[in-house]
Amino acid sequence: MQVSSLNEVKIYSLSCGKSLPEWLSDRKKRALQKKDVDVRRRIELIQDFEMPTVCTTIKVSKDGQYILATGTYKPRVRCYDTYQLSLKFERCLDSEVVTFEILSDDYSKIVFLHNDRYIEFHSQSGFYYKTRIPKFGRDFSYHYPSCDLYFVGASSEVYRLNLEQGRYLNPLQTDAAENNVCDINSEHGLFATGTIEGRVECWDPRTRNRVGLLDCALNSVTADSEINNLPTISALKFNGALTMAVGTSTGQVLLYDLRSDKPLLVKDHQYGLPIKSIHFQDSLDLILSADSRIIKMWNKNSGKIFTSLEPEHDLNDVCLYPNSGMLLTANETPKMGIYYIPVLGPAPRWCSFLDNLTEELEENPESTVYDDYKFVTKKDLENLGLTHLIGSPFLRAYMHGFFMDIRLYHKVKLMVNPFAYEEYRKDKIRQKIEETRAQRVQLKKLPKVNKELALKLIEEEEEKQKSTWKKKVKSLPSILTDDRFKVMFENPDFQVDEESEEFRLLNPLVSKISEKRKKKLRLLEQQELHEKEEEEEPEGKPSDAESSESSDDEKAWVEEVRKQRRLLQQEEKVKRQERLKEDQQTVLKPQFYEIKAGEEFRSFKDSATKQKLMNKTLEDRLKIEAKNGTLSVSDTTVGSKQLTFTLKRLCLFWTFHTNGIIQCEVFL
């Protein structure tokens with residue numbers, strides 16, 4: 001949807017965007033909608049609302065349900081059902097259509113005027129009848145009381161065809177050589193025709209006599225208009241019983257009161273193009289006049305411009321949807337135009353959602369930005385020395401200033417003030433320095449105990465605030481501000497001991513971070529001592545300084561880990577040596593143990609040798625026992641082996657000496 005505004009009147013173009021060819025399959029159309037953003041965002045109010053090549057005329061049925069349009073190529077007529085928002089039927093014709101008229105409330109009775117003098121009648125089922133007129137026709141009107149069709153064209157006669165009798169009646173003889181347009185007043189039935197001489201002849205169908213003649217060509221010439229040839233009548237429209245609007249081939253619109261031969265108002269389009277259609281908008285007292293280039297809406301009492309609409313392609317016909325603010329156009333392009341102007345009236349019933357859509361767009365207006373042009377006032381031009389360009393193609397007047405090319409503006413700005421870039425660069429650097437100063441941590445917030453821990457907590461909070469993604473999480477109180485942890489930053493007993501074993505075990509991972517915090521603490525202390533001194537950051541720092549610092553930090557971290565490992569190994573070695581020295585210096589005192597009755601004493605060495613024997617195989621143990629004589633192997637008469645074991649016994653002899661020494665001897 002494209003939105004334009006003139007005189008604070010919003011005009012919504014509902015037909016803008018890319019149109020897809022008819023020969024594309026539905027599958028390919030869906031694929032294009034997924035890939036192309038413009039195709040996906042377009043609003044297709046009525047499906048297939050277009051012609052193969054060009055649309056020539058467009059009209060709406062009296063009940064407002066059907067929209068009929070004719071076009072080429074091949075010549076055809078298409079009927080769209082607004083209740084279904086789609087094409088109802090399409091009928092191909094033998095020749096191009098000049099104009100057509102809907103005689104019934106719906107599409108059941110239609111009359112087509114072809115460019116080969118044929119008149120074709122269609123019913124609800126399709127083609128019904130075809131006849132010819134003597135001369136090439138240009139326009140026709142239907143007189144409902146008498147069921148007569150009035151045809152005007154390349155002749156001085158107005159042909160009458162009675163649809164009730166099914167025959168031609170006597171024509172009306174005009175004073176003009178040719179007639180271009182005609183219309184019948186719906187209030188009293190007055191018939192008017194516009195001639196190529198710039199006159200309008202009015203006839204009474206009841207008496208078939210001319211009752212009035214208006215010389216519009218003479219009245220269309222004003223002091224401001226420039227006329228090169230004789231104006232002809234190109235458009236004609238009645239409104240009510242007394243008002244008539246006439247359009248000329250030179251771009252003027254004359255508003256008449258039938259009681260006077262002088263126009264009430266003359267409006268010039270200023271393009272010199274023939275007026276193609278005229279419509280009245282009664283709710284706001286507006287007249288909509290259109291030529292092939294622009295549609296102008298102006299007040300019929302004062303002639304003041306209300307707004308205007310200038311489509312991208314030339315116009316062939318304009319139709320105002322009854323009792324609404326919708327405008328339908330037939331263009332020199334396959335796609336037919338649909339415009340919605342909320343000020344003229346509400347949206348039709350079959351597309352009432354447009355009102356909600358436009359209200360949402362008005363609540364969230366988008367500012368218009370001109371990327372290729374710069375808006376300058378007259379004072380700006382004086383400062384730049386460009387006042388001599390006023391009136392030239394380089395400046396386009398707009399409101400209280402001018403639009404000029406942005407490239408030209410930059411060139412002149414650089415010539416007038418060559419040091420503007422340096423000033424801009426210094427301002428940016430100053431802003432960056434102020435931003436970094438605002439992000440600095442104030443030393444007054446750091447406690448006396450566990451300064452490094454407090455600094456770590458502050459850094460973590462800053463990182464959370466700088467994170468790009470933010471989740472809606474309930475905000476938790478900070479440890480620094482929580483009263484439950486207040487003692488940890490006030491009582492020296494809670495000071496973290498960096499020389500403890502637990503801290504040293506974590507040291508290879510956090511040592512470098514702690515060093516950075518120590519550096520930061522030293523810097524903060526220096527700033528506290530020199531609060532009044534201002535420091536400025538150097539401007540010439542290279543862009544890759546941060547990357548080099550990060551690589552140096554990684555190397556230093558690896559060296560720090562290795563250093564800590566060596567220190568830990570040396571400390572373990574020193575501790576072992578100290579334990580050995582302590583063992584050597586200590587004097588061993590005898591210790592006595594009591595053996596319970598019924599138990600045997602075994603030395604610690606025997607238990608060690610027995611443990612070694614248990615680790616050996618059975619064959620090795622038997623060989624050792626055989627050598628010691630505790631085992632003898634002999635063969636029996638039956639053929640089996642006999643083993644004889646000798647058990648060892650221990651005998652203890654206790655000797656009590658007079659000096660208090662007790663001696664214990666062991667015998668096997």
Side-chain angles (χ1 to χ4, degrees), residues 1-17 38 222-226 250-253 265-273 275 281 284 286-300 302-315 318 325 327 329 331 337 339-344 358 361-417 420 424:
M1 181 188 294
Q2 185 178 2
V3 184
S4 60
S5 178
L6 181 63
N7 293 341
E8 298 181 357
V9 177
K10 295 284 186 68
I11 302 175
Y12 298 90
S13 176
L14 306 178
S15 58
C16 65
D38 296 335
T222 59
D224 299 332
S225 60
E226 295 181 2
T250 54
Q252 288 86 23
V253 179
L265 188 66
V266 179
K267 187 68 178 177
D268 195 349
H269 271 217
Q270 303 292 338
Y271 283 106
L273 300 174
I275 303 297
Q281 214 280 340
L284 298 177
L286 297 178
I287 296 178
L288 282 72
S289 55
D291 55 22
S292 59
R293 187 170 179 180
I294 192 171
I295 303 172
K296 287 193 175 184
M297 307 174 198
W298 43 281
N299 189 284
K300 67 179 182 180
S302 61
K304 185 179 180 181
I305 283 290
F306 180 72
T307 187
S308 63
L309 173 62
E310 191 170 354
E312 296 180 1
H313 306 278
D314 290 345
L315 295 168
V318 177
L327 203 64
T329 61
N331 310 320
Y339 299 92
Y340 177 52
I341 308 173
V343 180
L344 296 183
T358 53
L361 292 176
E362 289 179 359
E363 289 177 0
N364 302 319
E366 295 182 359
S367 59
T368 306
V369 180
Y370 298 90
D371 295 331
D372 299 331
Y373 292 91
K374 173 72 175 178
F375 181 80
V376 292
T377 60
K378 192 172 182 180
K379 186 177 181 180
D380 296 335
L381 292 177
E382 293 176 355
N383 296 332
L384 297 174
L386 297 178
T387 52
H388 61 283
L389 294 180
I390 297 176
S392 65
F394 296 102
L395 296 177
R396 183 186 179 92
Y398 183 77
M399 296 178 69
H400 63 285
F402 305 88
F403 275 115
M404 66 182 301
D405 196 307
I406 191 68
R407 295 171 295 180
L408 176 62
Y409 176 79
H410 287 319
K411 286 182 181 179
V412 177
K413 187 76 173 176
L414 186 61
M415 293 173 63
V416 173
N417 189 6
Y424 170 78

Measuring from atom [atom1] of [X] to atom [atom2] of [Y], what distance do you get when rounded to the nearest 0.5 angstrom?
X	Y	atom1	atom2	answer
Tyr340	Ile11	OH	CD1	13.0 Å
Glu312	Asn331	CD	CG	9.5 Å
Lys304	Leu286	NZ	CG	12.0 Å
Lys374	Ile406	NZ	CD1	6.0 Å

Would you call [X] and [Y] a side-chain contact if the rule is heavy atoms closer than 4.5 Å?
X	Y	result
Leu265	Lys300	no
Thr329	Ile295	yes
Leu389	Leu381	no
Tyr409	Leu384	yes
Met297	Val343	no
Leu395	Leu386	no

| Aromatic ring pairing Tyr398/Phe375, orientation class (parallel under 30°, perpendicular over 60°, tilted between) | perpendicular

Side chain to side chain donor-acceptor pair (under 3.5 Å) with [X]: which residues, sequence neighbours excluded?
X	value
Ser292	none
Ser289	His269, Trp298
Asp314	none

| request: Check ring-ring contact (aromatic ring centres under 6.0 Å, His included) between Phe394 and all other residues, then give those that pass, not counting sequence neighbours. | output: none

| remark: By ring-ring contact (aromatic ring centres under 6.0 Å, His included), His388 pairs with (sequence neighbours left out) none

| field | For Arg396, salt bridge (Lys or Arg N to Asp or Glu O under 4.0 Å) partners two or more places apart | value | none

| task | Evaluate whether atom CD of Glu8 has more than 12 neighbouring non-hydrogen atoms of other residues, nucleotides or ligands under 6.0 angstrom away. | result | no

Measure across [X] and [Y] and return the closest heavy-atom pair with its distance rounded to 0.1 Å.
X	Y	result
Ile294	Ser308	CD1-CB, 4.0 Å
Thr307	Leu6	OG1-O, 3.4 Å
Tyr12	Pro342	CE1-CG, 3.7 Å

| said: If you apply the rule side-chain contact (heavy atoms from CB on, under 4.5 Å), what do you find for Leu344 with Tyr339, and how did you get there? | reply: CA-CA 11 Å; Leu344 296 183; Tyr339 299 92; over 6 Å; no

| note | Of Ile287, Ile305, Asn299, the one forming a side chain to side chain contact (heavy atoms under 4.5 Å, CB included) with Lys267 is Ile305

| query | Hey, does the side chain of Asp291 reach the backbone of Arg293 with a donor-acceptor pair shorter than 3.5 angstrom? | reply | yes

| Ion pair Arg407/Asp405, N-O distance below 4.0 Å | yes

| message | Please evaluate residues Val253 and Lys296 with respect to the criterion side-chain contact (heavy atoms from CB on, under 4.5 Å), reporting the C-alpha separation (whole Å), side-chain torsions for both, the decisive distance (0.1 Å), and the verdict. | response | CA-CA 11 Å; Val253 179; Lys296 287 193 175 184; over 6 Å; no

